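The block underneath contains the structure these notes are about, expressed in structure tokens.
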Amino acid sequence: MKITDVLAIPLRIPTNLAGFDYEGNFLREPAFVIVEVHTDEGLVGLGDAWAYGVAETTAAMIVHTLRPLLLGQD
């Protein structure tokens with residue numbers, strides 16, 4: 001089974017319940033990235049990444065840096 005694609009979907013979650021990240025930074029919109037890993041056998045794996053308020057940047061890093069390393073791997 002080989003990885004054929006990796007997608008990263010940035011998400012921001014507007015909420016009235018603001019909080020703090022691990023470094024004590026105040027966050028109003030928690031940001032996450034949903035990651036899809038597709039295989040040549042039709043299986044799709046889902047994962048997520050905490051984005052520390054910059055979901056678009058984290059998603060871009062996954063697609064432009066990690067995706068090329070993962071394509072074709074078992």
Side-chain angles (χ1 to χ4, degrees):
M1 175 172 28
K2 302 281 184 186
I3 294 174
T4 58
D5 204 2
V6 177
L7 305 173
I9 304 159
L11 297 174
R12 288 182 177 274
I13 305 169
T15 178
N16 291 330
L17 302 173
F20 294 89
D21 68 12
Y22 293 113
E23 295 176 354
N25 299 312
F26 186 71
L27 298 174
R28 278 200 193 280
E29 286 186 338
F32 302 91
V33 177
I34 302 298
V35 180
E36 292 183 5
V37 178
H38 295 256
T39 71
D40 60 354
E41 294 184 9
L43 297 175
V44 178
L46 295 174
D48 65 280
W50 174 255
Y52 292 101
V54 288
E56 296 79 12
T57 303
T58 302
M61 188 276 305
I62 290 168
V63 169
H64 296 293
T65 304
L66 295 178
R67 182 178 182 268
L69 298 173
L70 295 174
L71 291 179
Q73 297 295 315
D74 284 331

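The first residue in the sequence is number 1, and the count goes up from there. Everything numeric here is computed off the predicted structure, so don't read it as measured data.
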Cluster partners of L43, using ILVMFWY side-chain heavy atoms under 4.5 angstrom, listed by chain and number? M1
Atom pairs and distances, side-chain donor-acceptor, residues 67-74, under 3.5 Å, sequence neighbours left out:
unit_1: R67; atom_1: NE; unit_2: D5; atom_2: OD1; d: 2.9
unit_1: R67; atom_1: NH2; unit_2: D5; atom_2: OD1; d: 2.9
unit_1: D74; atom_1: OD1; unit_2: K2; atom_2: NZ; d: 3.1

Considering residues at least two apart in sequence or located in another chain, which fulfil the side-chain contact (heavy atoms from CB on, under 4.5 Å) criterion with T4? H38, D40
Any chance you could pull the hydrophobic cluster mates of L7, using side-chain heavy atoms under 4.5 angstrom and chaining through other members? none
Applying salt bridge (Lys or Arg N to Asp or Glu O under 4.0 Å) to D48 and not counting sequence neighbours gives none
Nearest-0.5 Å distance that lies between atom CD in E56 and atom CG in L11: 9.5 Å
So, using side-chain contact (heavy atoms from CB on, under 4.5 Å) as the criterion, who are the partners of A8 when residues are at least two apart? V33, A59, I62, V63
If I take atom OG1 from residue T58 and atom CZ from residue F32, how far apart are they, to the nearest 0.5 angstrom? 11.5 Å
